Every structure is written in C-alpha cells, then in structure tokens.
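Notes for the one structure printed next.
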Number of protein chains: 2
Amino acid sequence: MPTPERTTLPAVVAAARAIVEEHGSEGLTMQAVAQRVGVRAPSLYKRVASRDALVGLVVESTLTDLTLELEAAERGADEPRAALVAIAQALRTFALAHPACYAVALGPLPAASRPAHELLVTSSAPVLRATSAVVGSADALAAARTVTAWATGFLAMELSGAFRLGGEVGPAFDYGIALLADALAAR
Amino acid sequence: MPTPERTTLPAVVAAARAIVEEHGSEGLTMQAVAQRVGVRAPSLYKRVASRDALVGLVVESTLTDLTLELEAAERGADEPRAALVAIAQALRTFALAHPACYAVALGPLPAASRPAHELLVTSSAPVLRATSAVVGSADALAAARTVTAWATGFLAMELSGAFRLGGEVGPAFDYGIALLADALAAR
DNA sequence: CCTCATGGCTATTGACGTTAGCCATATTGG
DNA sequence: CCAATATGGCTAACGTCAATAGCCATGAGG
C-alpha cells in the first residue's frame with residue numbers, strides 16, 4: 001500500500017467510543033475523532049462514509065460487548081427464571097458501566113446508524129431463550145419483548161435522571177424484574 | 001407596545017410542533033419555524049432563549065396534551081386494574097397519533113429542553129393513582145415506575161421500528177399490560 | 001409632538017459535516 | 001532497478017445551522 005497508514009478503522013472506532021463515553025454523544029465530532037487518532041478530519045472519510053456511519057460502528061461495537069455480557073450472565077444461571085433475572089441485571093450493570101455508549105446504542109438512531117439486523121438478533125437471543133424456557137415457545141417472543149421493553153425503558157429513565165422523585169433506584173429495578181419473572185413463571 | 005408584533009409565542013410553539021410532526025425533530029430548524037410564522041430566524045430569539053428552549057416548550061405542550069388524555073382514560077374506567085390498562089392504551093394511542101412529538105417529549109433531552117418538574121408530576125399522577133389503588137401506597141411508586149418503564153420502552157421500540165422480527169405489535173402490547181396488571185393485582 | 005422601549009431586520013460569526021482536488025509515497029510489474 | 005499506479009493524507013472550500021451585534025422603524029405615553 002502507498003503512503004503508510006497513520007491509523008486504522010478499529011482505532012477510529014475505539015477513539016469514537018472513548019469520546020462518546022467521555023464527552024457524550026454530542027461531543028462526537030469528526031474533528032475530535034481525527035485529533036484523537038492523529039489525523040485531520042477529512043482523512044476519516046477514507047475509512048468511514050459519514051458521521052452517522054461511524055456512530056453505527058460505535059453502536060455495533062457496543063452491542064457486541066453487551067452481547068458477551070448477556071451470554072455470560074445466561075451461562076451463569078442454572079434455572080430459567082434465574083437466567084432472566086441475571087440477564088436483566090447484566091444489562092443494567094453494562095448500562096451503568098458505559099452509560100453514554102449504552103444510551104447511543106439503545107436510543108433512537110438515524111437510519112444510517114442502525115446496526116446490522118443479524119447483530120440485533122444475536123444480542124436479543126439470550127433473553128429470547130430465557131423467556132422461551134419460562135413461558136414456552138408460543139409466547140416467548142411477546143414475553144421477551146415485554147421484558148426488553150421494561151428493561152430498556154427503565155434504564156433510559158435511570159440514565160436520563162428521570163427518577164428524581166425519591167426512592168432508591170436499585171430496589172425498584174429488582175422489584176420490576178422480580179414482578180415480571182414471577183408473572184411469566186405463573187403462566 | 002412599539003412595532004406591531006407579527007407573531008406570538010404560542011404561534012411559534014405551534015409552528016414548531018407542526019414541523020416536528022411533519023419533518024421529524026431534526027427538521028426543527030430556527031429557519032423553518034421562522035418561515036412558518038412569517039418572520040426571520042433571528043427574530044425568534046425575541047421570544048425564545050435558544051433552540052433547546054423551544055424544544056422544551058414543544059415538550060411541555062405535548063406533555064400537557066398527553067396528560068389530558070391520560071386523565072380522561074383514568075376517568076373512563078370504573079376499576080383500578082381497568083384504569084391501569086386504559087391509561088396504558090391511551091398512552092399508546094397518543095404516541096401513534098403524534099409519533100414525532102411523543103418521541104421528542106419522552107426521548108432523551110438536553111438539560112435546557114427538560115420540562116418543568118411540576119409538569120412531570122402531574123403527567124405521571126394518573127399512573128401513580130392507578131397503581132396505588134392496585135398495590136397499595138407502599139409499593140405504588142415502584143409499581144408505577146415498572147409500568148411506565150415498560151410502556152415507554154415498548155413505545156420507543158415500536159416507534160423506532162425495532163419490532164422487525166415478525167409478530168403483531170398490538171397484541172404484544174396487550175400481552176404486556178395484561179401481564180403487568182395481573183402481576184400487580186396478585187400482590 | 002417627542003421620547004424611548006421594543007420587535008424585526010441584515011450582516012456576521014463560529015461550529016460542523018462533507019466534498020474537491022492535490023501531493024506524497026510504497027508497492028508492483030517490467 | 002525503475003517507473004507506473006493506487007491510495008492515504010492534506011489544505012481549501014462550501015453549505016447549513018444556531019446565535020449575536022447592531023441598526024431601524026414604529027407606536028404608546030407624557
């Protein structure tokens with residue numbers, strides 16, 4: 001190859017993730033990323049089609065990491081109901097550890113930033129398996145959607161500071177997942 | 001007052017809401033709003049401190065309308081569990097009727113766009129009353145948070161088209177609210 | 001009638017994404 | 001060993017957008 005490359009696509013994505021985590025998603029400017037990898041902003045377009053596409057790569061990278069955590073939580077449980085609870089708690093742990101990247105990955109995204117469909121399938125697989133084991137395959141999808149909707153809604157509220165009306169947040173999460181798990185098990 | 005006013009703050013907010021609904025929140029530029037009310041963009045700053053502040057007014061306006069719908073749904077039910085279901089369904093109806101404004105109002109917001117705390121209290125009051133009637137005042141807050149988290153999470157997913165994996169969405173919503181209502185009633 | 005507070009306007013700035021076009025270089029094929 | 005070429009980086013520039021500065025016109029109140 002001509003002209004030695006001063007950076008790489010993975011380095012660009014890693015820089016983008018770091019910037020998102022440090023300064024929020026609105027701090028993710030092409031200039032900031034370029035400066036971080038030691039290059040000028042226009043050069044980034046040799047690696048990435050647009051800013052939205054870069055956001056999409058951040059989302060995919062984050063989602064990949066998250067999926068590993070969810071699968072680990074699933075493996076660590078010996079019983080379906082416990083797996084459901086463990087997966088939910090792993091999701092919250094991840095969200096609190098990487099709040100900005102989590103918010104970007106699971107928040108509203110422009111079409112050009114949406115991750116590959118296949119990645120969404122693999123990241124939702126653990127929940128689907130767990131609910132399937134609890135309620136049976138017929139209702140598994142609806143049950144998984146219920147749990148996922150609750151968890152992402154809860155975490156969106158927690159991360160955006162919507163829980164300003166007193167009460168501890170951790171116990172409220174436990175309350176919710178226990179309620180859902182019991183309700184599903186009762187079917 | 002000097003120099004007859006060519007527009008008013010309510011007109012500006014109404015224009016902003018219409019633009020959000022027609023072209024999405026990213027279409028809400030100061031130029032677009034100004035053109036719609038028959039004024040030049042800089043003149044808007046005589047009425048509104050910033051774009052974020054204008055978004056905040058759109059949010060408050062939307063939330064006010066939503067609250068009326070939730071209260072109407074609450075009044076229309078004669079039993080606590082039915083009230084909970086009716087409120088959830090009213091929320092979904094509103095979200096589907098005004099998807100873009102709903103998404104703005106209940107999505108992540110910069111600090112300068114956050115609605116007044118008091119408004120959040122009044123808009124969450126119906127759910128809180130309903131859960132209180134179902135599970136008692138001790139668990140009412142946690143229960144309300146669970147239902148709210150689920151509903152907003154579900155609608156965020158539905159509006160962003162995250163339900164691409166087959167299955168009808170409406171029945172999934174019914175499944176979820178029934179599951180939650182039953183679970184709360186069983187306590 | 002004169003004053004002045006006020007709303008609107010033009011011009012401008014600064015940030016940002018993105019494109020155009022040039023230059024330098026390392027690899028490849030003769 | 002050398003030239004051709006493909007490629008990565010750069011500077012310059014454009015368009016969009018939010019926001020500010022400063023001027024002008026107007027109309028209500030003394």
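Note that this is a predicted model, so its numbers are computed, not measured. Chain identifiers are assigned alphabetically (A, B, ...) following the order of the sequence lines, protein sequences preceding nucleic acid strands; residue numbering begins at 1 within each chain.
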Phosphate-side-chain proximity, [X] and [N], N/O vs OP1/OP2 below 4.0 Å:
| X | N | result |
| --- | --- | --- |
| Arg47(B) | dG8(C) | yes |
| Arg6(B) | dC9(C) | yes |
| Ser43(A) | dG8(D) | no |

> Between dA25(D) atom P and Lys46(B) atom NZ, what is the distance in whole Å?
Replying inline: 15 Å

> Between Arg40(B) (CZ) and dC24(D) (P), how many Å, whole number?
Replying inline: 18 Å

> What residues, two or more places apart in sequence or in another chain, satisfy ring pair (Phe, Tyr, Trp, His ring centres under 6.0 Å) together with Tyr102(A)?
Replying inline: none

>> Going by the rule ring pair (Phe, Tyr, Trp, His ring centres under 6.0 Å), which residues pair with Phe94(B) if we only count those two or more places apart in sequence or in a different chain?
In response: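 By the ring pair (Phe, Tyr, Trp, His ring centres under 6.0 Å) rule, Phe94(B) matches His98(B).
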
Nucleotide N/O of nucleotides 17-20 of chain D paired with protein N/O under 3.5 Å:
residue	atom	partner	partner atom	Å
dA18(D)	OP2	Met30(B)	N	2.9
dA19(D)	OP2	Tyr45(B)	OH	2.9
dA19(D)	OP2	Arg51(B)	N	2.8

> Where the side chain of Glu5(A) is defined as all heavy atoms beyond and including C-beta, which of dG8(D), dC10(D), dG8(C) is the nearest nucleotide?
Replying inline: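 Of the candidates, dG8(D) comes closest.
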
>> Of the options dG9(D), dT26(D), dG8(C), whose atoms approach the side-chain atoms of Pro4(B) most closely?
In response: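 So the nucleotide nearest the side chain must be dT26(D).
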
> Do Arg17(A) and Asp65(A) meet the salt-bridge criterion of a basic N to acidic O distance under 4.0 Å?
Replying inline: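 A salt bridge is present here (some side-chain N lies under 4.0 Å from a carboxylate O).
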
>> Check this for me: does any side-chain nitrogen of one of Arg145(A) and Glu158(B) sit under 4.0 Å from a carboxylate oxygen of the other?
In response: no

>> At 4.0 Å (heavy atoms only), tell me whether Thr7(B) reaches a base, stays on the sugar-phosphate, or touches nothing.
In response: sugar-phosphate

> Short question: side chain of Ser43(A), backbone of Val39(A) - any donor-acceptor pair under 3.5 Å?
Replying inline: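 Absent.
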
>> Using a 3.5 Å distance criterion without hydrogens, assess whether the side chain of Glu60(B) forms a donor-acceptor pair with backbone atoms of Ala116(B).
In response: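 At least one qualifying donor-acceptor pair exists.
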
